[in-house]
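The structure under discussion appears below in the form of structure tokens.
Order of the sequence lines fixes the chain letters, A, B, ..., with proteins taken first and strands second; residue numbering starts at 1 for each chain.
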Amino acid sequence: MPDSENNAATDFIRALIRKDNETNRFGGRVHTRFPPEPNGYLHIGHAKSIVLNFGIAEEFNGLCNLRFDDTNPSKEDTEYIESIIEDVHWLGFDWGDRLFHASDYFDQLYEYAIELIKMGKAYVDDLSPEELRQQRGTLTEPGIESPYRDRSVEENLDLFQRMRAGEFPDGSRTLRAKIDMKSPNLNMRDPVMYRIKKESHPHTGDKWCIYPMYDYTHCISDSIERITHSICTLEFEDHRPLYDWFLDQLNLYHPQQIEFARLNLSYTVMSKRKLLQLVKEGYVSGWDDPRMPTISGMRRRGVTPEAIRTFCERIGVAKNDSTVDIALLEYCIREDLNKRAPRVMGVLDPIKVTLTNYPADQVEYMECINNPEDESMGTRLVPFCRDLYIDRDDFREDPPPKYYRLAPGREVRLRYGYFIKCEEVVKDEKGEIVELRCSYDPQTRGGFAPDGRKVQATIHWVSARHAVDAEVRLYDRLFNTPNPLGDDENVPFTNFINPNSLTIINNCKVEPSLASAKPGDRFQLERVGYFCLDSKDSRPDHLVLNRTVTLKDTWAKIEASLNKK
RNA sequence: UGGGGGUUCGUCUAGUGGUAGGACAGCGGACUCUGGAUCCGUAUGCCGAGGUUCGAAUCCUCGACCCCCAGCCA
């Protein structure tokens with residue numbers, strides 16, 4: 001029997017680790033790491049890797065390090081380092097005292113490079129970037145050996161030390177591994193180990209003007225940290241022979257690298273380059289725009305870390321290229337919020353309702369359940385009076401079939417309130433409905449009918465006299481097509497941005513209890529969706545609500561199929 | 001036409017020689033003071049062709065298609 005999703009995951013990576021433990025390959029140790037480059041914000045794809053690496057460590061009583069792969073100061077920034085630390089923590093993971101930087105190993109890496117030079121396994125090359133590219137060969141033709149390939153150890157040592165000393169301009173020389181220019185694996189054609197970059201580094205300052213390349217750095221960093229299982233994405237599969245080569249030459253400890261398929265999600269893009277483009281070109285307000293698939297964007301949108309973790313566990317891990325339906329993410333978000341988000345009432349597009357037979361000055365306080373899924377969350381009192389607002393969408397002058405909310409002459413229940421019946425529709429000179437005059441049944445207080453009569457619908461409301469104004473930001477999918485990358489590379493992905501991915505509405509009315517909510521607080525607007533108070537823009541005197549995700553909307557589905565016919 | 005990976009419902013993913021299962025999405029129904037939640041039911045799948053075998057998603061052979069690699073990016 002296959003394990004159900006709640007049992008221990010049985011993906012190929014865990015299977016491999018179990019086998020390693022059985023054979024005592026690493027002495028029973030399991031030590032993973034999450035190695036981001038601090039050149040952008042973390043996104044849901046990184047979350048998959050984080051949940052995998054930290055999750056495996058937890059499961060196998062092992063450890064997981066956080067290590068910044070900071071080998072390229074031109075692209076990296078402390079802003080990114082800080083955001084990454086915050087995001088991994090927020091997701092619920094901790095690396096104890098094991099926060100490392102590849103740059104922590106620059107001295108060691110330099111010594112190893114000297115060692116390789118001394119062994120005749122590395123050389124300083126004077127080729128320009130263009131020459132180097134030309135001589136690398138192609139996918140089908142072998143490369144050409146550099147004329148500098150056979151310099152003496154002494155000359156290489158001298159040149160490399162002078163590279164470090166800053167004697168040569170950027171791009172003028174590199175240190176290359178001497179492997180095989182004819183290798184069918186392009187990574188083995190004398191890869192560059194060091195390049196000259198006279199730039200200061202966010203972590204090492206101005207100490208270095210030569211910086212090691214990722215391939216050289218990464219495998220040795222994993223080795224230094226005694227990582228047992230180096231989990232990475234598929235595109236590094238054919239870098240593995242190079243990693244093995246460095247480690248073998250230097251006679252260093254070998255972690256086991258395991259590659260898995262990165263996450264793609266429908267209706268969004270995942271590459272840091274494209275996300276950066278969305279930010280820089282102003283398609284979104286920043287890395288934490290609630291429409292972004294970034295951790296910070298999702299957090300600001302109101303998504304919980306638990307929902308993200310559940311999602312990452314549910315999608316599984318394999319080597320197939322895959323694009324997960326964003327509907328699964330939305331499902332995980334609803335599932336989590338349903339359990340924990342307190343319910344409140346709010347009206348997005350208010351239409352005035354006057355209860356003609358309700359005492360004009362009377363105010364009652366209705367007891368409302370805070371979360372029907374969790375009794376321990378208790379109840380609250382919500383004011384009720386003659387003057388109310390309901391949502392415009394909950395009334396139709398000419399109701400279509402199967403629409404069973406309010407309509408002329410029709411009776412519905414106000415949630416936790418009374419049964420009301422629409423007696424009169426008041427319009428302005430433009431024909432716009434401005435008020436509904438309704439009668440209420442005093443016998444139905446709390447929403448219960450003593451005579452047992454049924455009502456087709458229950459709708460939400462707020463007291464017009466007590467309501468609090470709010471700005472609501474309705475977020476939707478960022479792109480209007482499942483695959484914004486398309487089949488045609490000439491069509492920019494920005495062509496597919498959903499023009500309705502953000503709708504701001506300003507005259508929303510929410511129940512008074514929201515006045516004391518804090519930025520980031522999440523709740524369900526009954527019958528509408530899950531929302532949170534925007535952590536940047538919401539103020540006590542100007543509430544800003546972000547829609548995290550809608551509720552499942554069966555009526556919308558019926559309506560859509562009605563419209564098709 | 002070099003090398004490295006991959007191909008199981010619409011989408012993810014199990015299955016490792018013995019009835020192809022789960023989740024999401026879809027469809028249908030029950031229930032409901034959220035057209036929410038919940039519950040039940042249901043259709044759809046092993047890339048193809050050969051072979052081995054009592055028996056193949058699984059093993060073998062041949063083929064097709066997809067992804068990655070020609071940064072002094074990671």
*Proximal nucleotide (of B:G36, B:C73, B:U13) relative to the A:Lys75 side chain*: B:C73
*asked:* Base, sugar-phosphate or nothing for A:Met213? Non-hydrogen atoms, less than 4.0 Å.
replied: sugar-phosphate
*Please work out which of the three classes, parallel, tilted or perpendicular, describes the rings of A:Phe34 and A:His46, given edges at 30° and 60°.*
perpendicular
*At under 4.0 Å between heavy atoms, what does A:Arg413 touch on the DNA or RNA strands: base, sugar-phosphate, or nothing?*
base
*asked:* Classify A:Ser322 by what it touches in the nucleic acid, base, sugar-phosphate, or nothing, heavy-atom distance under 4.0 Å.
replied: sugar-phosphate
_Is it the case that B:G36 (base atoms only) and A:Glu373 (side chain only) share a donor and an acceptor within less than 3.5 Å, ignoring hydrogens and angles?_
yes
*asked:* So A:Glu526, base contact, sugar-phosphate only, or nothing? Heavy-atom distance under 4.0 Å.
replied: base
*Which nucleotide in the set B:C24, B:C68, B:U13 lies at the smallest distance from any side-chain heavy atom of A:Asp238?*
B:C68
*asked:* Can you tell me if A:Arg445 has over 12 outside heavy atoms packed within less than 6.0 Å of its CZ?
replied: yes
_Donor-acceptor side-chain pairing of A:Tyr41 and A:Glu79 below 3.5 angstrom_ = yes
*Tell me what A:Leu525 touches on the nucleic acid: a base, only sugar-phosphate, or nothing, going by heavy atoms under 4.0 Å.*
nothing
*Counting heavy atoms from C-beta on, name the nucleotide in B:A74, B:C72, B:G35 closest to the side chain of A:Arg136.*
B:C72
*asked:* Under 4.0 Å, heavy atom to any atom of RNA chain B: which of residues 186-200 of chain A qualify?
replied: A:Leu186, A:Val192, A:Arg195, A:Lys197
*Given A:Ser146 and A:Gln135, is the side chain to side chain donor-acceptor pair (under 3.5 Å) satisfied, shown in steps?*
CA-CA 8 Å; A:Ser146 165; A:Gln135 301 199 2; 5.1 Å; no
*Heavy atoms under 4.0 Å, any strand shown: does A:Gln524 hit a base, just sugar-phosphate, or nothing?*
base
*asked:* Any base atoms under 4.0 Å from A:Leu132, or only sugar-phosphate, or nothing? Heavy atoms, all strands.
replied: base
*Does NZ or CZ of A:Arg415 come closer than 6.0 Å to the centre of the six-membered ring of A:Trp461, within 45° of the ring's axis?*
no
*For A:Asp441 and A:Tyr418, does a side-chain donor sit closer than 3.5 Å to a side-chain acceptor?*
no
_Ranges pairing with ranges for RNA chain B, where each run has three or more Watson-Crick or G-U pairs under 3.5 Å_ = B:2-7 with B:64-69, B:10-13 with B:21-24, B:26-30 with B:38-42, B:47-51 with B:59-63
*NA contact type, A:Lys557, heavy-atom cut-off 4.0 Å: base, sugar-phosphate, or nothing?*
sugar-phosphate
*From B:C72, B:G3, B:A14, pick the nucleotide closest to the side chain of A:Asp11?*
B:A14
*Under 30°, 30 to 60°, or over 60°: which ring-plane class applies to A:Tyr214 and A:Phe236, parallel, tilted or perpendicular?*
tilted
_Within 6.0 angstrom of A:Lys421 NZ, more than 12 heavy atoms from elsewhere_ = no
*Have a look at A:Phe311 and say if it touches a base, only the backbone sugar-phosphate, or nothing, with a 4.0 Å heavy-atom cut-off.*
nothing
*Which label fits B:G71, syn or anti, where anti is any glycosidic angle not within 90° of 0?*
syn
*Output the single nucleotide from B:C72, B:G36, B:G4 whose closest atom is nearest the side chain of A:Glu237.*
B:G4
*With distance as the sole criterion, do the side chain of A:Arg314 and the base of B:U13 form a donor-acceptor contact below 3.5 Å?*
no
*Between the side chains of A:Asp87 and A:Ser83, does any donor sit under 3.5 Å from an acceptor?*
no
*Looking across every strand, which nucleic acid part, if any, lies under 4.0 Å from A:Leu329 by heavy atom: base, sugar-phosphate, or nothing?*
nothing
*With the side chain of A:Leu328 defined as its heavy atoms from C-beta on, choose the nearest nucleotide among B:C24, B:G15, B:U13.*
B:C24
*asked:* Once you apply a heavy-atom cut-off of 4.0 Å, does A:Pro36 come out as touching a base, just sugar-phosphate, or nothing?
replied: nothing
*Would you say the base of B:G35 and the side-chain of A:Arg405 have a donor-acceptor pair closer than 3.5 Å?*
yes
*Select base, sugar-phosphate, or nothing to describe what A:Leu139 touches, counting heavy atoms under 4.0 Å on all strands.*
base
_Need one value for A:His239: base, sugar-phosphate or nothing, where a base atom within 4.0 Å counts as base even if backbone is also close, heavy atoms only._
base
_Of the listed nucleotides B:U34, B:G5, B:C68, the one nearest the side chain of A:Asp321_ = B:G5
*Name the nucleic acid region contacted by A:Ser74, choosing base, sugar-phosphate or nothing; use a 4.0 angstrom heavy-atom cut-off, strictly under.*
nothing
*Check the side chains of A:His101 and A:Asp70 for a donor-acceptor pair under 3.5 angstrom, ignoring hydrogens and angles.*
no
_Short of 4.0 Å, heavy atom to strand atom, which residues of residues 163-172 of chain A count as contacting RNA chain B?_
A:Gly171
_Nucleotide of B:G36, B:C12, B:C73 approaching A:Val324 most closely (side-chain heavy atoms)_ = B:C12
